[in-house]
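Contents: one structure, followed by commentary.
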Amino acid sequence: MQELINKSKELLASGSINRVLGWKAGDLSYNPEPAFFTSEEELADFIYDDFCAANLSKFMIEAAKKEGKTLVFLKPCDTYSFNQLLKEHRVDREKAYIVGVGCSGKLSTTKIKEQGVKGITKITTNGDTLEIATLYGDKSLNRSDVLLERCHVCKGKEHRIYDELIGESKETSDRDKFKEVEMLEKMSPEEKFAFFQQELSKCIRCNACRNVCPACSCRKCVFDSDKFDSAQKLNANSFEEKMFHIIRAFHVAGRCTDCGECSRVCPEGIPLHLFNRKFIKDIDELYGEFRAGEDAETVGPLTSFTFDDAEPQEAVERG
Amino acid sequence: MSIENKEFKPKIVAFCCNWCSYAGADLAGSSRLAYPADVKIIRVPCSCRVNPMFVLRAFEKGADGVILCGCHPGDCHYTTGNYYTRRRMSLLFSMLDFIGVENGRTRVEWVSAAEGVKFSTTMNDFAKKIHSLGENVRLGDIRCKN
Amino acid sequence: MYKIARDKLPALFQLLASEQELILPINSGNQVNFGLWSEEAEVSLDALNSVKSPKDAFFPQGEDLYTVKKDGKKLSIELGSLKEQDFVIFGMRACDYRGVEVLDKVFLSDPVDNYYKARREHGTIITMACSEPEETCFCKVFDIDCTTPGGDIQTWLDKDALYWQPVSEKGVALTAKISELFTDGDEEKVEAMKKATQEIVEKLPYADLSLKGWGAGMTDEKFDSPVWENLADSCLACGTCTFICPTCQCYDIKDYNTGSNVHRYRCWDSCMYSDFTMMAHGNNRTTQMQRFRQRFMHKLVYFPTNNEGMYSCVGCGRCVGKCPSSLNIVKVIKKFEEKGE
Amino acid sequence: MQRIGVFVCHCGSNIAATVDVEKVVEYAKLEPGVVHAEDYQYMCSEAGQMKIAEAVKDKNLTGIVVCSCSPRMHETTFRNAAKRAGINPYMVEIANIREHCSWIHKDIEEGTEKAVILARAAIAKVNLNAPLEPGESRVTKRALVIGGGIAGIQTALDIADAGYEVDIVEKTPSIGGRMSQLDKTFPTLDCSACILTPKMVEAAAHEKVNIYTYSEVDKVSGFVGDFTVDIKKKARSVDMDKCTGCGVCSEKCPMKKTPSEFNRGLENRSAIYTPFAQAIPNVPVIDRENCIMFKTGKCGVCSKVCQAGAIDYEQQDEIITENYGAIVVATGFDTIKLDDFDEYAYNQSKDVITSLELERVMNAAGPTKGHLERLSDGKAPKEIVFIQCVGSRDVTCRGKEYCSKICCMYTAKHAMLIRDKYPDVNVTVFYIDVRTPGKNFDEFYRRAVEEYQVNYIKGQVGKVMPQADGKLLVQGVDLLDNRQILKEADMVVLATAIEPEAGVRKIATMLTASIDTNDFLTEAHPKLRPVESPTAGVFLSGVCQGPKDIPETVAQAGAAAVKAIGLLAKDKLMTNPCTAKADELLCNGCSTCANVCPYGAITYEEKEINDHGIRENRRVAAVNTALCQGCGACTVTCPSGAMDLQGFSNRQILAEVDAICR
């Protein structure tokens, strides 16, 4: 962490950057927030730890509008999002100084609490275990039990775009990313429907998933505008949340880097990544493997085609 | 239940591209090739004009089936439009299947201007399928059911 | 003080639900939210806070105000129905009950909101004292005693039993109807529980949070403070904080056209949204900082200014736990304190 | 709010028989925005259009819905009527209650209900219509004719005579097409070459006609008035300018084992060859696949014997890019392959031939120098059996469902010619029906029967069995006498079905012209626009559109020319105003839309955007309306809905969806 701070100070002092985009320590042991730093003093609050899960790429859209260069710390998976935004002219490469930071997986507060931990006062990482002090006694947890879902299906610890790299990474991928999707695919229509009905009925339409998503970078979302008469702030019934989540997934299909932010931020714990991952799986199977954000040039699968693509009926019935 | 089924009059929305399928529907008409009146056609310039939002909106408002018809791949009036349609709808339909909407409520068919017969048989077949699936209860907005 | 054994609770719920709707914390899809009781429902009384606050019961996320029906070229208007059925909401925490009191200030003062009023009249609130407050809790800051939660009936739960104490007339009446289920409760035991909890409350990380400088009449001091400047940098402009908050009361009114009629409904809105209070000329708050400031100024300054000093934050800590960017009202208060503003 | 007038057409009884038009009027009046509704016998008539004009005036209409036949039929009619009445033509929408309703539904209740719903959808759409103004695009005054048969030649000559440049692209080494392979033509029996050759010469000599033989269309882009076409000129290996056409090269070529395409493989040709004596241009080509020089690098005989030094082994394929205002497709036909028709023993016996092969046999320049003889042994046949409808009117999947149209007549011609020249030869014709609808056609057929005693048997042939003695045993049925027939023949001639030339599918795809299940190009309207393809600026000439004989082909060729001339005569074209448009307030500038635009019509610009007083410099999409053809591909890739299509906007289509589903 100190290395990151030193780098920030050095570049700020040299005047080659105007600000640093990183994470600021929170007031609890697990709530750092994305923040801009413009001075050495401010950097006193800089932190990079197990809870710095936020994907800073999205904030680079705003940074591109600011004067001068922004140093941004991107984890390996965040660089995919940056590339995708670059492809869509939403960020400015010239105004970014990208420091790729190492990542050993990030932790989920929700999962920690699901382990029955209450009243957390301090969390210390000790290798593969977490030592948690609480108001109701000390606990110790396996780090891998409280990793964010996305870290179990990590794309790899290679940064796809950067100016320099700082820090070591540790591989966390230990699951098949399509396993959940496959399980659902095997269910009967009734079971699938019941599953999504239960999950989506929790949706409160807070738009956190959309607003945190680097692919959902529209200036004004269709669900906020009158373009489709689709402006809605409410799930009056079960249809609307389906409409919202299907269309949202469709709009980011072929653009979603599977960064997992949607599932991370959902206050109701809806596994929203399932929608995106279903599309990724379909695209891989039907049109050849494609990983959005691997580079900033390749044309996406929904803006290209081949003459012998599968027919929609075949796509559905492929089983 | 059987009485209800008898009275079930499905709402079927058919998006037809202006150049091939709409003309195919015209030919079906002028050839007097009947298909159920449940099918109502909306003319679009190209199948690639059909936004997934349109399909979902139709279901929202109470449609029981949605079918898209366009030129055969390779014959698109705009050269490539239907290739995009094919990918978009493949994904959309697959997603609807994924969330448990009955397979068969949506369809894409390529019908040329000369295929009046195909248009008619396609619509007959699709209407039959929708009849067999019954009313769409998984995707509609309850406020629209009355 | 009454008492009912913990294993008798299903019977209690069954009995309550037989006479009226019963709303209580239910675990569905791995999340606890207030919902209608049924035999299959998985009741969850151990969760401290539900994800969403229980304000839904009185101020639902969406409700039809009226419906315009179309018959040929003739239009007719049908008013949305007011709540006519009695219901019981069980398991509200002290903070959430304060939240209802905040909403009362808004909806029951002139002009009275009939939809809200009907729900309040038909609803009986059974609160439940906290026993294991969490690090996100700061209700004490707003002088809320989480061990004496109030409502129509207040209850305390330990591992063996639920202790039951009617507070209001409504509470007494309801208790009378189901008295056969109760035995007399031990007040000392309850007092001991209260004391144990209060001790923990004192140790909470936010226990010494100070509201100095906030409250009624502080608009000028706070509004133009430079401290706001970068506070909202990482605000995503989502509505999570607003929608899980027990006191946020802003709503939008919208139309839904089914083709044969138009539903005019209101639904929760969030001042964090860029189109909140959008008007023809555009928006009077043009930056996220302004929107962010609005939310906290409203809770900590405007509301107390208009309501005899009553804050419209109750310290439930939901926003602390759920903000995607880890922003929250506590950080705002602390930041101002730190800067001496 | 619009003030909409709804006009419901009876179309005589075409609509009124199964749709209660008065009820449609009654229900239409209840729809939002409708201030006037009426029905009339024929809305498209002068009087009907007057009614629209009157209503516009009396009721101050701003929008019009016509419930009538297909918009593909009369949309232009009613748009023009609206224009004359002072309303923007794009404020008109058609509810198709004929083709999509009255003609397919028998029950009046059902038909009426559907008509009401279709009217509602159109009304809902018009409520959101906005006036649109077409732009202009230029017309390149040059036409392209694809195919150099009689259809292509005639079209080219007619266009050229009107004063426009025209290019013919022919894939074989010479123009002339199928007609050049024919011996005589029905019903006049004049010599095919005698009437075709002057046309070929005229085309070659015409200063406005430019012929690319041994060439193919490689790529087409652009649109009506301004197509850009890449023509691939295959390497001929002979310098067109130097060659004198003396023919010595072909004579001396040591490689003479390639079946002659012109003579349908009944004779061999050399590797360097001119397809036929009257070929235009009279310049040989080297068939590189069969040339020893190209195969082994050792030979060079032709080069050595060519006095003009015209042989050029190094010649390369060449791509020529040219712009055209109009394109005429005249790709013609071929006979179908008979591999699936084992029963006729075509592949077993040399004496079973197709009619087109017979043309070559009977032609003085053909493999037998015009003598009628068996190809197996050169003996003169005594018994000839003609079998009609081989692969035509065939509902099994191996043949064609359609009637090839020309076979009845050319078979009568063949029979008559044979009987005339060889009176001792017996001719029998097996037929399903004899179809002779044409000027002097039936008279011609009757002469064959009555004057030339051709033996016509109504019935099909089940099997042709080659015998050990070289004869062919024909097993058939006589339906009129209801008896089996076994007939011994020396020769059997198959009236083989014709089908569009194999390359037409590729060409149709390049032109985005639509094609039917039989690969015939589709006309814009089967009756009213029979020589136009649905793709603007693309016209159809000859058999590529459907089977036809020579006079019909020439007539259609002229008609296609007239349509092309009509287009080329204009300096400017009105462009379709239903183009894409980006809402700059919403546009993210992400470039996704440009990726799917087939016309390259979307560009991006950095500009200052004023969003309700907030000014910001940013990248937004801009649509070039002259290039945009209005497909709408971009609108769906745009996640924010910033890109919309005028005339088919998101809200318009959704309004239709809502109206249908309500």
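Proteins get letters first, then strands, A, B, ... in listed order; numbering begins at 1 in each.
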Notebook entry, point to check: Do any of residues 652-662 of chain D have a heavy atom less than 4.5 Å from a heavy atom of chain B, and if so, which, in residue order?
Noted result: D:I653, D:L654, D:E656, D:V657, D:D658, D:I660, D:C661, D:R662
Checking heavy atoms, do the side chain of [X], its backbone, both or neither come under 4.5 Å from chain B?
{"X": "D:A121", "result": "neither"}
{"X": "D:T637", "result": "both"}
{"X": "D:Y599", "result": "side chain"}
{"X": "D:N576", "result": "neither"}
{"X": "D:H100", "result": "both"}
{"X": "D:T635", "result": "both"}
{"X": "D:D107", "result": "neither"}
{"X": "D:I117", "result": "side chain"}
{"X": "D:S649", "result": "backbone"}

Note to self: The criterion is side chain to side chain donor-acceptor pair (under 3.5 Å); which residues satisfy it with D:D583, sequence neighbours excluded?
What the structure shows: A:K227
Margin query: Going by salt bridge (charged side-chain N to carboxylate O under 4.0 Å, His left out), B:K9 matches just one of D:E110, D:E113, D:E109. Which one?
Written below: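 Among D:E110, D:E113, D:E109, the one that satisfies the salt bridge (charged side-chain N to carboxylate O under 4.0 Å, His left out) with B:K9 is D:E113.
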Hey, does [Y] have a side-chain heavy atom less than 4.5 Å from the side chain of [X]?
{"X": "B:R43", "Y": "D:P71", "value": "yes"}
{"X": "B:P52", "Y": "D:V636", "value": "yes"}
{"X": "B:P45", "Y": "D:L645", "value": "yes"}

Which atoms of [X] approach chain D - backbone, side chain, both or neither, heavy atom under 4.5 Å:
{"X": "B:V13", "answer": "side chain"}
{"X": "B:T79", "answer": "both"}
{"X": "B:S30", "answer": "both"}
{"X": "B:Y22", "answer": "both"}

Checklist line | Electrostatic pair D:D516-B:K118, nearest N-O below 4.0 angstrom | finding: no
So which atom in [X] and which in [Y] form the shortest heavy-atom distance, rounded to 0.1 Å?
{"X": "B:Y35", "Y": "D:K114", "result": "CE1-NZ, 4.1 Å"}
{"X": "D:I104", "Y": "B:A28", "result": "CG2-O, 4.0 Å"}
{"X": "D:W103", "Y": "B:G29", "result": "CB-O, 3.3 Å"}

Check: Can you tell me if B:R57 and D:N650 form a side-chain donor-acceptor pair at under 3.5 Å?
Finding: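 Result is no, nothing qualifies.
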Checklist line | Reference residue D:C631; test side-chain contact (heavy atoms from CB on, under 4.5 Å); the match among B:C48, B:S47, B:C17 | finding: B:C48
Next item on the list: Check whether more than 12 heavy atoms from other residues, nucleotides or ligands sit under 6.0 Å from atom OH of D:Y27, and answer yes or no.
Entry: no
Check: Should we say atom NZ of D:K400 is surrounded by more than 12 heavy atoms from elsewhere, each under 6.0 Å from it?
Finding: yes
Next item on the list: Say whether, by atom type as modelled, one donor and one acceptor occur between the side chain of D:R72 and the main chain of B:N18 under 3.5 angstrom.
Entry: yes
Note to self: Suppose a student defines contact as a heavy atom less than 4.5 Å from any heavy atom of chain D. Which residues in residues 83-102 of chain B would they list?
What the structure shows: B:Y84, B:R88
Item checked: Those residues of residues 65-76 of chain B, ordered by number, that approach chain D below 4.5 Å (heavy atom to heavy atom) -> B:G74, B:D75, B:C76
Next item on the list: Hey, could you give me the OG/CZ distance between D:S102 and B:R32, rounded to the nearest 0.5 Å?
Entry: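 Spacing of OG (D:S102) from CZ (B:R32) equals 7.5 Å.
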